[in-house]
Amino acid sequence: MSTRLSQLFVRTLREDPVDAEVASHRLLVRAGYIRRQAPGVFAWLPLGLRVRRRIERIIHEEMAAAGAQEVLFPALLPREPYEATGRWEEYGDGIFRLKDRKGADYLLAPTHEEVFTLMVKDLYSSYKDLPLTIYQIQDKYRDEARPRAGLLRGREFSMKDAYSFDYTDEGLDASYQAQRDAYERIFQRLGLDYVIVKADAGAMGGSRSEEFLHPTPIGEDTFVRTDGGYAANVEAFHTVPPAALSIDDAPEPTVFESPDTPTIETLVALANERHPREDRPWTAADTLKNVVLALVAPDGGRELVIVGVPGDRDVDMKRAEAAFSPAEVEAATEADFARNPGLVKGYIGPWSPEGPVLGETSFTGIRYLLDPRVVEGTQWVTGANEPERHVFSLTAGRDFISDGIADIAEVREGDEAPDGSGPVELARGMELGHVFQLGRKYAEALGLKVLDENGKLVTVTMGSYGIGVTRILAAIAELGNDERGLIWPRSVAPFDVHVIAATKDETVYGVAEDIVAQLEATGADVLFDDRLKVSPGVKFGDAELLGVPIIVVVGKGAADGTVELWDRRTGVKTPTPIAELTEAYRQLP
RNA sequence: CGGGGCGUAGCUCAGGUUGGUAGAGCGCUCGGUUUGGGACCGAGAGGUCGCAGGUUCAAAUCCUGUCGCCCCGACCA
């Protein structure tokens with residue numbers, strides 16, 4: 001197959017589009033692969049669609065190899081199934097909702113667990129029908145608060161989503177492993193680095209969940225890993241609690257004056273100045289910071305919760321969101337404080353000489369959770385619940401207790417991994433895939449049961465497996481580009497080879513046509529820049545911008561039987577006799 | 001939700017303070033010259049200046065409101 005550039009529906013831009021920041025977005029627009037239609041919504045032009053189709057092909061092949069069958073569900077779905085699982089509420093503003101002419105509620109699906117589950121329920125009712133894995137490549141819709149970076153976080157995006165159905169836990173493990181293996185092969189074929197990290201399994205159901213992260217500084221996820229092989233999204237990281245200490249010889253709590261200490265820093269400075277320790281200076285890690293959070297439930301209910309964390313650590317809002325999901329986490333507002341006059345802003349602590357201040361059984365009744373590091377016997381400097389007063393030697397387990405653990409403080413480089421494999425390092429990554437053992441949550445909510453070997457009804461156990469197709473495309477573009485344009489790997493390039501007729505000499509054009517035919521005969525998909533009145537410089541520039549990895553320049557030397565074989569990836573241009581071109585092209589990596 | 005920036009031709013942007021027939025470069029069309037790194041000459045097409053209201057003889061420009069877009073932040077008590 002060959003395509004003439006003069007006929008291709010594309011217009012390259014000489015200048016960067018003003019609204020694009022990241023390289024993939026900027027270059028995909030400039031090279032005429034995609035065009036923005038709305039925030040986070042893009043139209044696909046022939047070049048972009050070709051790359052997308054090639055990525056999809058690789059996914060289809062690996063899904064088939066993993067025994068998954070392709071189906072296709074609509075994006076437009078009724079409310080009811082999502083109502084049954086609670087996700088109509090849970091998603092909040094995160095989904096596009098619409099009404100039909102009768103006023104019935106619909107949504108544009110953000111994922112399809114519900115309708116896949118219902119379809120299997122409709123059609124199957126025996127263990128003999130299982131296991132089953134079905135998948136689709138389909139557009140998903142999420143009303144992101146802030147779409148950004150072009151294709152990297154869109155409101156419409158293409159996703160391969162697969163769902164497995166088993167009637168035993170062992171079956172689920174096998175189905176999960178098959179998808180996980182397929183993902184590894186897919187990313188390897190696409191030439192994308194990836195790290196498989198433990199992921200947050202969510203507040204509801206789900207036993208095992210892993211993300212495929214592509215390490216990159218522009219990634220939106222932070223993950224930790226150790227040399228010992230541990231890897232986890234920070235949202236799924238579990239802090240190792242220290243051993244409890246004896247409370248017998250802990251000194252009694254001592255209240256002290258602490259004016260002008262709005263921050264932990266100023267508090268530590270004051271403590272060192274007025275009440276120095278004998279063994280070492282006070283540090284932020286000696287203080288207990290009581291962070292007031294507001295949890296907003298999907299139904300709109302608002303609850304305050306206070307989390308005590310060591311003062312040298314901030315609360316990681318993403319970890320908090322994961323921990324309190326499905327509730328949204330917000331900072332407490334002035335209005336929240338006004339409704340809770342028992343909280344002395346800036347001097348909040350769990351204790352007062354009169355008794356406990358925080359906790360469900362205290363007089364404020366506000367739920368109080370503690371960082372895992374705050375184990376029994378540890379002593380803290382914290383607020384005394386009076387203006388300009390803090391307290392020393394407040395001892396956990398003796399002077400205050402909590403309603404539970406909240407492991408939501410930031411994770412730091414050097415923290416110990418929970419599996420004992422050593423200190424962690426932090427890195428940024430882009431989530432390209434997610435495999436997830438859902439367990440029986442959806443099957444239970446929607447009544448998907450089958451008869452087992454004994455004639456007994458059993459609830460089906462499920463897995464869901466997603467890969468962001470358009471995000472992968474952006475990730476590849478992000479990885480392969482330079483100041484002149486895109487550079488595609490051969491596995492997904494829109495064309496296999498780009499032939500440039502770098503002249504207006506008619507006989508040379510004839511040679512170029514022959515070369516196109518010759519390359520086509522090898523099975524290559526050829527892009528032929530046949531534009532007659534366009535100068536060579538423009539053609540070279542466009543070739544570099546479009547990013548087809550192999551370029552053949554047919555120019556002056558053509559009359560003598562020589563063309564240039566140009567590797568866009570290395571920049572190397574090799575003069576090649578036309579007779580040897582096909583072979584030389586085949587030899588390229 | 002908060003902060004900042006921006007809405008003028010397909011793209012990138014001037015013009016606005018000082019109101020007076022809407023501009024440039026690139027791209028596009030036609031004619032001619034040119035042809036291995038984004039050529040040149042000439043002639044053209046193309047814009048409700050985001051939207052609404054107001055002031056004015058007159059508004060892209062001043063005023064009010066509104067909508068949209070981009071970026072950053074979302075907490076450290």
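The shown structure was predicted, so the numbers you read here are calculated from the model rather than taken from an experiment. To find a chain, count down the sequence lines: A is the first, B the second, and so on, and within it residues start at 1. Side chains are part of it too, since the values below use all heavy atoms of this structure and drop only hydrogens, waters and symmetry mates.
Atoms NZ (K556(A)) and P (rU35(B)) sit 10 Å apart, rounded to a whole Å. Following rounding to the nearest Å, R36(A) (CZ) and rC11(B) (P) show an atom-to-atom distance of 11 Å. For the pair L545(A) CG and rG37(B) P, the interatomic distance rounds to 19 Å; values are reported in whole Å. One atom, CG of D542(A), and another, C1' of rG38(B), lie 8 Å apart when rounded to the nearest Å. Following rounding to the nearest Å, R568(A) (CZ) and rG37(B) (C1') show an atom-to-atom distance of 14 Å. In this structure, CZ of F42(A) is placed 12 Å from P of rC69(B), rounded to the nearest angstrom. Residue R11(A) contributes atom CZ, which lies 15 Å from atom P of rC26(B) at whole-angstrom precision.
Ion pairing between R319(A) and D371(A) fails under the 4.0 Å rule for side-chain N and carboxylate O. A salt bridge between R484(A) and D482(A) is absent, with no side-chain N of the basic residue lying under 4.0 Å from a carboxylate O of the acidic one. With respect to E513(A) and R4(A), a salt bridge is recorded, a charged nitrogen being found less than 4.0 Å from a carboxylate O.
Comparing atom distances between the V18(A) side chain and each of rG36(B), rC70(B), rU12(B) picks out rU12(B) as nearest. For P536(A), the side-chain atoms get nearest to rG36(B) when compared with the rest of rA77(B), rG36(B), rU12(B).
To the nearest 0.5 Å, atom CG of residue N481(A) and atom CH2 of residue W488(A) are 9.5 Å apart.
Not a single donor-acceptor contact under 3.5 angstrom links the side-chain atoms of E15(A) to the base of rG27(B). Counting atom types as modelled, E544(A) pairs no side-chain N or O with a base atom of rG38(B) as donor and acceptor under 3.5 Å. On a pure distance criterion of 3.5 Å, no polar donor-acceptor pair joins the side chain of K533(A) and the base of rG38(B). Contact of E564(A) with rG36(B) (side chain to base): a donor-acceptor pair of N or O atoms is detected under 3.5 Å.
Regarding contacts with the backbone of rA39(B), a side-chain N or O of S535(A) is found under 4.0 angstrom from either OP1 or OP2. For rU12(B), neither phosphate oxygen OP1 nor OP2 lies less than 4.0 angstrom from any side-chain nitrogen or oxygen of R14(A).
Spacing of C1' atoms, rG36(B) relative to rG31(B), comes out at 26 Å, to the nearest Å. A distance of about 33 Å separates the P atoms of rG10(B) and rG73(B), rounded to the whole Å. Comparing the P positions of rC6(B) and rG50(B) gives an interatomic distance of 14 Å, to the nearest angstrom. As rounded to the nearest Å, rG7(B) and rU12(B) have P atoms that lie 12 Å from one another. The separation of rU66(B) from rC28(B), taken at their P atoms, amounts to 42 Å, rounded to a whole angstrom. For the C1' atoms, the distance linking rA58(B) with rG20(B) amounts to 7 Å, nearest Å.
Note on V553(A): a base of the nucleic acid sits closer than 4.0 angstrom, heavy atoms only. Among the protein residues, R313(A) comes within range of no part of the nucleic acid, since none of its heavy atoms lies under 4.0 Å from any strand. Residue contacts shown for R531(A) are absent, as no nucleic acid heavy atom lies under 4.0 Å away.
With a cut-off of 3.5 Å on both pairing distances, rU55(B) has no Watson-Crick or G-U wobble partner at all. Across every strand in view, rA14(B) sits unpaired, with no contact that passes the Watson-Crick or G-U test at under 3.5 angstrom.
Nearer to the 5' terminus of RNA chain B, by closest-nucleotide assignment, is the contact made by F540(A) (compared with the other of F540(A) and V315(A)). With the nearest nucleotide of RNA chain B identified for both R30(A) and H25(A), R30(A) has the one nearer the 5' end.
Side-chain contact check for N290(A) and Y368(A): at least one donor-acceptor pair (N or O, by modelled atom type) lies under 3.5 Å.
Under the 4.5 Å side-chain criterion, counting only non-hydrogen atoms from C-beta, L28(A) is not in contact with F42(A).
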